[in-house]
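Encoded as structure tokens, the structure appears first; notes follow it.
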Amino acid sequence: MRVPSPHPNHNPTNNVVNLNTVYPLGTELDVNYHLFSLLTACWSINSNCLTMASAGPLYLGFDLSTQQLKGLVVDSSLRKVHEAKFDFDADSQGFDVKKGVLVNEAEREVFAPVAMWLQAIDTLLTRLKENGLDFARIKGISGSGMQHGSVFWSADAEQLLAQLQPEKTLQSQLDEAFAHPFSPNWQDASTQKECDEFDAILGNQSQLADATGSKAHHRFTGPQILRFQRKYPDKYLKTYRITLVSSWLATMFLGKFAPFDISDVCGMNLWDIKAGKWNEKLLALAAGPSGVKVLQKKLGDVPEDGGIHLGSISPYFVKRYGFSSDATIIASTGDNPSTILALPLRSNDAMVSLGTSTTFLMSTSEYKPDPATHFFNSPTTAGLYMFMLCYKNGGLAREKVRDAINSASSNIQDKNSWEAFDKHLLSTAPFAQSNPSEPLNLGLYFPRPEIIPNLPVGEWHYSYDPETDKLIRTNGVPESPTQDARIIVESQFLSLRLRSRELVSSPAPSLPPQPRRIYLVGGGSRNSAIAKVAGQVLGGSEGVFKLDVGENACALGAAYKAVWAIERDGSKGETFEELIGKRWREEEFVEKIAEGYDPDVFERYGAALKGFERMETELLKEYQQH
Ligand code: XUL
């Protein structure tokens, strides 16, 4: 059981030390940060200070995602100083991957060659060196790995890692380090049978979600291990250790096996979050004939502290790239937990990633698991959890409506323009109501099979009267495709509101429960019309903000985690939110792009939730019968 943080709701913003202010005696200042602020100021006034400032510590965050390995370096003041990437499709040699993975359609398997990631590490570090990075200044290294993916290491691995010769590449020396050359990817869908067994073993999906934070999912590591040990019994026996992608990264830099991270371990369907230990029944299921003890040994321990210092960097990197031998390896976490570390996200703040798919992330002290959602331990702060909703349909579904609007108009030259979509999104009344006494228009638009709710490809429309609770199936919105712009965006945000409403609290005594701030990331975050509707549906008492870090959120979160782990004041139990909150320069990193909470319209969307939920339930029943 993790000990709750003393300050889970600590307000970290507006806490940056002002160099022109005389602080009263006894004011608690972060000494390290203060020093580096002074150095930075000094650097701009007097170039003689340059050597001093440029000798400060640096922190390296990796992001090993489906399509690339990225490395990003920040200083103690969270300023980005270097960045490089290795794109698997474009840069790898000898691997015939598409979008970073290999696919076996017949079994719905998706996996990545681990050797390709080894190639990526050496090339990426070479690029950072060419970029001018002085590796000797790196004090801490952490990483972000795509969640759920597993790596199966052989019994020779640790010896091979310990004997790495700096004049040779990792790829050329670690051939024998893996019991299986591939890592199952989060897009893999080969484990339906295993998921059914996971969902059943504790009783039902809700009980599995209560214990592990999620019902069984194809991509989760427990069902993947179960399938692996059945499909490859010999390789399973030869597997000495299993890591996640995140702990694989930490292992590589540590030169010996790194434990799972306290947050990423929750993406396995094996870890009992409340009890803070492995669930024996689930382990026994995944382990098969060789038994729980054998699997537990392959999995290793899970330290509670997300900022744990795992040890010094492997000599390979010291000799080959010039890292200092005391550069410390910090536990790496999953890409979604890492994303919430790209800013000092407070309890009751929400992050919405508007990419090809949609992800909703919240930091919360409430643990309220449900089969439709995910809970993970916070990657840094005991007593906090990360709540996650993961949709398959997002940007692509909106693009489909955009394309229909653009094709219907002969005046639109640029068929990829969002101008007409945005215009109709804002000029159409909420629910495309012609007047407030008419029923509301609701719809679901799924060009890809959806997880939340579990429905096939399709588009469905309903009208709903909140006064009478009457829900009727319709053929579409009155004016299609223009009004679809409003209905699809409302639909996507209504689904988020429905599923997060039990978690949000009142940001102020006079306000209804809602997030305090909504941070948008990903491609869709550039669209201020979508941001406006996000605020209307979801609220956001302080507004809707765009986190302007491009594709860097995960790597940045990893680098910030390293800053916190090394520079935190252990004697005071300084939390990630406290330390990063003090150093984060809000005006540089985020931009307010919409007002957020609007009382009248917020209430109208609230009244529609019952109809929205009924629409989903009706469709779920209809499709379960098929
Ligand atoms: C989350 C998930 C993906 C991966 C890859 O459950 O499967 O977001 O983490 O990004």
Side-chain angles (χ1 to χ4, degrees), residues 62-70 85 88 97 99-101 108-112 117 143-151 183-191 195 198 208-209 212-224 243-249 260-261 263-271 273 332-342 351-362 369-379 385-396 448-452 454 496 499 521-523 551-558:
F62 288 106
D63 168 25
L64 175 44
S65 67
T66 316
Q67 301 199 46
Q68 62 178 28
L69 175 70
K70 174 167 279 178
K85 71 172 182 178
F88 298 136
V97 291
K99 296 199 182 286
V101 289
R108 303 179 71 197
E109 288 178 333
V110 183
F111 47 92
W117 301 342
S144 146
M146 51 189 150
Q147 293 198 268
H148 320 297
S150 38
V151 178
S183 167
N185 181 266
W186 60 276
Q187 297 166 95
D188 183 285
S190 65
T191 56
C195 283
F198 265 76
L208 183 65
T212 69
S214 304
K215 76 170 178 72
H217 292 274
H218 292 151
R219 61 192 192 284
F220 273 50
T221 327
Q224 288 287 342
T243 57
L244 289 168
V245 176
S246 55
S247 50
W248 180 88
L249 260 176
F260 294 130
D261 155 78
S263 181
D264 214 15
V265 73
C266 305
M268 300 179 83
N269 278 142
L270 294 174
W271 184 255
I273 293 184
S332 297
T333 190
D335 57 348
N336 292 300
S338 226
T339 300
I340 65 167
L341 302 182
M351 265 179 115
V352 186
S353 166
L354 297 171
T356 312
S357 55
T358 305
T359 313
F360 178 91
L361 303 168
M362 249 183 89
D370 181 287
T373 69
H374 303 285
F375 273 88
F376 299 81
N377 281 316
S378 153
Y385 301 93
M386 185 185 86
F387 167 75
M388 178 168 87
L389 297 168
C390 213
Y391 295 81
K392 282 202 176 153
N393 289 288
L396 273 188
R448 300 168 69 189
E450 187 48 271
I451 325 170
I452 316 176
N454 185 3
L496 300 180
R499 292 174 168 93
V521 290
E551 308 275 290
N552 284 343
C554 304
L556 209 53

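Indexing begins at 1, ligand by ligand and atom by atom, following the structure's order. For the single chain, residues carry numbers from 1 onward in sequence order.
With a heavy-atom cut-off of 4.0 Å, H217 does not touch ligand 1 at all. Looking at M388 against ligand 1, only its side chain comes within 4.0 Å, counting heavy atoms. The proximity of T66 to ligand 1, defined as any non-hydrogen pair under 4.0 Å, does not occur for either the backbone or the side chain.
Of all protein heavy atoms, the one lying nearest to atom 8 (O) of ligand 1 is N336 ND2, 3.0 Å. Distance from atom 9 (O) of ligand 1 to its nearest protein heavy atom, with residue and atom name: D335 OD1, 2.7 Å. For atom 7 (O) of ligand 1, the nearest non-hydrogen atom of the protein is R219 NE, 2.7 Å.
In summary, the aromatic rings of H374 and F360 are positioned with their centroids too far apart to meet the 6.0 Å limit.
Those atoms of ligand 1 that come under 4.0 Å of a heavy atom in H148, given as number and element, are 1 (C), 2 (C), 6 (O), 7 (O). Taking a cut-off of under 4.0 Å to the non-hydrogen atoms of Q147, the atoms of ligand 1 that pass are 1 (C), 4 (C), 9 (O).
What you find for T66 and V101 is that their closest heavy atoms are CG2-CG1, 3.8 Å.
Other residues, nucleotides and ligands place more than 12 heavy atoms under 6.0 Å from the CD atom of Q67.
Without hydrogens or angle criteria, T212 side chain to A209 main chain gives no donor-acceptor distance under 3.5 Å. Remark: side-chain polar atoms of N377 are not paired, donor with acceptor, to backbone N or O of Y385 under 3.5 angstrom.
Among D264, D261, T339, the one residue that satisfies the side chain to side chain donor-acceptor pair (under 3.5 Å) test with T333 is D261.
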